[in-house]
Amino acid sequence: MENTVIIFLFGKKYEVPENLTIMTAMEYAGYQLVRGCGCRNGFCGACATVYRIKGERELHAALACQTKVEDGMYIATLPFFPLVKQVYDIEKIPVNEQVMMQLYPEIYACVGCSACTKACTQGLNVMQYIAYAQRGDFEACANESFDCVMCGVCSSRCPAGISHPQVAMLARRINGKYIAPGCGHLNDRVNEIKDGAFDGLLADLMQKPVSELKELYNSRVIEK
Amino acid sequence: MYSDKFKASLQLITNNREQNAAYEPQRMSAEQKEEILNKYHPDHREDKFATLKVGKNKGDKVPAELCGMLCAHSRIKDIKIDLQNPDYDVDVLIIGSGGAGASAAIEADNAGASVLVVTKLRMGDANTMMAEGGIQAADKPDDSPAIHFIDAYGGGHFAAKRELLSKLVLQAPEAIKWLSDLGVEFDKAPDGTMITTHGGGTSRKRMHACKDYSGAEIMRTLRDEVLNRGITVVDFTAAIELILDENGAAAGAVLLNMETKELLVARAKTVILATGGAGRMHYQGFPTSNHYGATADGLVLGYRAGAKLLYADTLQYHPTGAAYPEQIYGALVTEKVRSLGAKLVNAKGEVFVHPLETRDVCAAAIIRECGERANGVDTGNGYGVWLDTPMIEKINGAGTIERRIPAMMRMFDKYGIDIRVDPILVYPTLHYQNGGLDITADGMTAVENLYAAGEVVGGIHGRNRLMGNSLLDIIVFGRSAGKNAAEKSKTVKPGRLTLDHVSAYEKELEGAGIETELVSPKLLPDYTRKVRSL
Ligand SMILES: Cc1cc2nc3c(=O)[nH]c(=O)nc-3n(C[C@H](O)[C@H](O)[C@H](O)COP(=O)(O)OP(=O)(O)OC[C@H]3O[C@@H](n4cnc5c(N)ncnc54)[C@H](O)[C@@H]3O)c2cc1C
Ligand code: FES
């Protein structure tokens, strides 16, 4: 018999093999998941979960699909959290700190408690990226928040009611569109294609016999 | 942490690292590739396929599990549904909201259509969110769409529909520009030059990435844009059957609220299927890298309504799924790990294949190594081979792993494996549906007014897809389907809604003597442990 641990799903006790994740332990216990399960691999943030180990004070947050069960875990999933997402027109948005002031003024009410950072399931310095956003340093905010999966656990712990993932999302889009350097070779190629520079080449490939295309493929020069 | 049983093999890998890093393994000849594929690739295991006895592709072989779904009963077989008072009435109905669905939604909205997006889980709970490696586009001076075409056409075993592939490569740079203008943060040098790498089977470095969160960065940006536009998105709502009009044109769908099980009806002038792939069908028992909802629903919906499939017998088994630890069995180890220089090494410390052969060839080589050649490493849960990640920093310098593949580092770090120091164990995982619904260059299936885009489509890539061409196809064909479906909707006169095709299909099943308990589409896999449950 494999080694087992005792866990508590929403307070109810189950004995499950110790090598399971919280997500697979729920399935082992008999839950057919609908909510709270998306990519099953740490990318989508659907499976935010909070837990406390019996006898300990600290409340942990984790992605259920990425976290092994432990003995004495009291588990509650957080499959939805009401984040506030403001709508805006990316084409018309002003690129200065005013925009944060307009859309997410609550970030200026941050009390610096660091609960968001402590709760982050991705180990990000959430409070720091909010500080960058306050200053209108979108690039720093974008970089610091890049690995965010928008699970919302940070916001669930925030006394100031900040929707951190949405703030970061806005900063990343502004950074990607307006602050990151433009790309000359990309623009050139798009224009060449618009001017039909490759139409002839492609038309030629379209009607070549397969044998000739095989020849071309097998004699490709591969860039080092 | 690796337990002691791995120590001996690990030592060999470490000892040989210097030498293996410098060694450039021979690439296989065309004949060698063909031979290894025929002998070892799962697509060639005849006994795992079944022949369709009904529908447009009668007589074709498809994976046995898919055949089961295509020949299963409708979920609404015995239910009477009032189609005359639809719950939603729109110009364009989009089913699925990964990258293809979201791109289509944005463009259909741009074109002035009223749009409804329904999706089985949440918007973005999709394979798109998981793509790590990157997206191809021939936008560098030494590259061209024509070279991109040759790479993809050869990589797909000369089977792609050329008009689709041509569209893919020609519109690739524009797709990157579109994403970039929406705010997607591509990896760039300080002067704005895109940082691009090779992928398996490319002859130019044209893989654009957003660290190793390429798909996530694209998906969350598209999602944000869909929300900014106020497009209606109904989540946890699956399409379970298409609705046609009296002329056989697509005109809506029957929807199922995944939580309450309520049935709803959506009427639309045009419909776009963007339901993605099929990894959760676990063909041949393989683990998968796919999201929870990848259950080939779109193939079932489309097929029952009269759409044709193309190359539904070819799947992509990604050579490097995680083989250890068990908690992440099947999870993807991005190809970028190999692009950056990590080689595949067997239990004896030998490099046995060029790491950048196409995926099917690499997968077949690993299966051969672990099977017939008995050079695999016993993981306790099957076999695997080493992917020597520490080589990356030997070649590219310290800090490369954290900078370029942070998601990979995090994934293994959770289980005490530092991929900068120790190699990882891999085995092929079910990754991508190469085949799917057959479409024309404007994105329409054989059913009038039914469009398809994304992984649900077959034919763009032929019988194998190169890394980075799928993220590309969902943008190029997603956008185009959105535009075309919106345009077409302007000319569609709403007809009488019917589900007659569903009962006709049931008759066809009966006529073919098919008896089955199965219902489809599958919607979600069932991983619950069954003990005396009701
Ligand atoms: C781990 C991983 C890594 C990858 N890496 C790369 C890469 O580096 N480069 C690359 O080019 N490609 C990569 N791919 C492939 C690529 O990501 C996918 O093929 C592509 O994103 C598919 O997009 P899609 O929009 O067609 O489908 P998806 O993104 O899967 O979206 C499908 C959507 O439809 C919904 N849906 C399904 N059925 C129904 C239904 N019945 N009713 C309503 N909604 C439904 C799903 O829930 C989902 O929201 C990767 C794939 C995976 C899994
Ligand atoms: S299910 Fe996507 S992060 Fe866990």
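Please read all numbers here as calculations on a predicted model, not as lab measurements. What you see below is based on every heavy atom in this structure, not just the backbone, and it leaves out hydrogens, waters and symmetry mates. Protein chains get the first letters and strands the later ones, always in sequence-line order, with residue 1 at the start of each.
- One side chain, B/R529 or A/Y28, offers a donor N or O that lies under 3.5 Å from an acceptor on the other.
- Under the 3.5 Å distance criterion, the side-chain polar atoms of B/E174 are left unmatched by any main-chain donor or acceptor of A/V190.
- For the pair A/H185 (side chain) and B/G192 (backbone), a donor-acceptor distance under 3.5 Å is absent.
- A donor-acceptor pair under 3.5 Å is formed between the side chain of A/Q32 and the backbone N or O of B/P525.
- Listed options A/D89, A/L186, A/I174 were ranked by heavy-atom pairs under 4.5 angstrom with chain B; first place goes to A/L186.
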Checklist entry - Does the ring pair (Phe, Tyr, Trp, His ring centres under 6.0 Å) test come out yes or no for B/Y213 and A/F43, once each step is laid out? => result CA-CA 8 Å; B/Y213 284 99; A/F43 287 95; 5.6 Å; yes

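- Looking at A/M26, neither its backbone nor its side chain comes within 4.5 Å of chain B, counting heavy atoms on both sides.
- Annotation: cation-pi geometry not satisfied between A/R220 and B/F149 (NZ/CZ under 6.0 angstrom from ring centroid, within 45° of ring axis).
- The candidate from A/M150, A/Q66, A/Q122 with the greatest count of non-hydrogen atom pairs under 4.5 Å with chain B is A/Q122.
- Of the two parts of B/D151, the backbone and the side chain both hold a non-hydrogen atom closer than 4.5 Å to a non-hydrogen atom of chain A.
- The parts of B/E225 that come within reach of chain A are both its backbone and its side chain, each placing non-hydrogen atoms under 4.5 angstrom from that chain.
- Under a 3.5 Å cut-off, the side chain of B/Y292 and the backbone N or O of A/L33 do form a donor-acceptor pair.
- When atom types are taken as modelled, the side chain of B/D139 and the backbone of A/R189 share no donor-acceptor pair closer than 3.5 angstrom.
- Side chains of A/N19 and B/Q327: no donor on one and acceptor on the other come within 3.5 Å.
- Within the 3.5 Å criterion, the main-chain N or O of A/L205 finds a donor-acceptor partner in the side chain of B/R162.
- B/A189 touches chain A through its backbone: at least one of N, CA, C or O sits under 4.5 Å from a heavy atom, while the side chain does not.
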Item to check | Check against side chain to side chain contact (heavy atoms under 4.5 Å, CB included), A/Q166 and B/D224 | outcome: CA-CA 9 Å; A/Q166 296 296 359; B/D224 196 59; 4.1 Å; yes

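- With B/R122 contributing its side chain and A/G38 its backbone, the two residues share no donor-acceptor pair below 3.5 Å.
- Most heavy-atom pairs under 4.5 Å with chain B: of the set A/R173, A/E27, A/K177, this distinction falls to A/R173.
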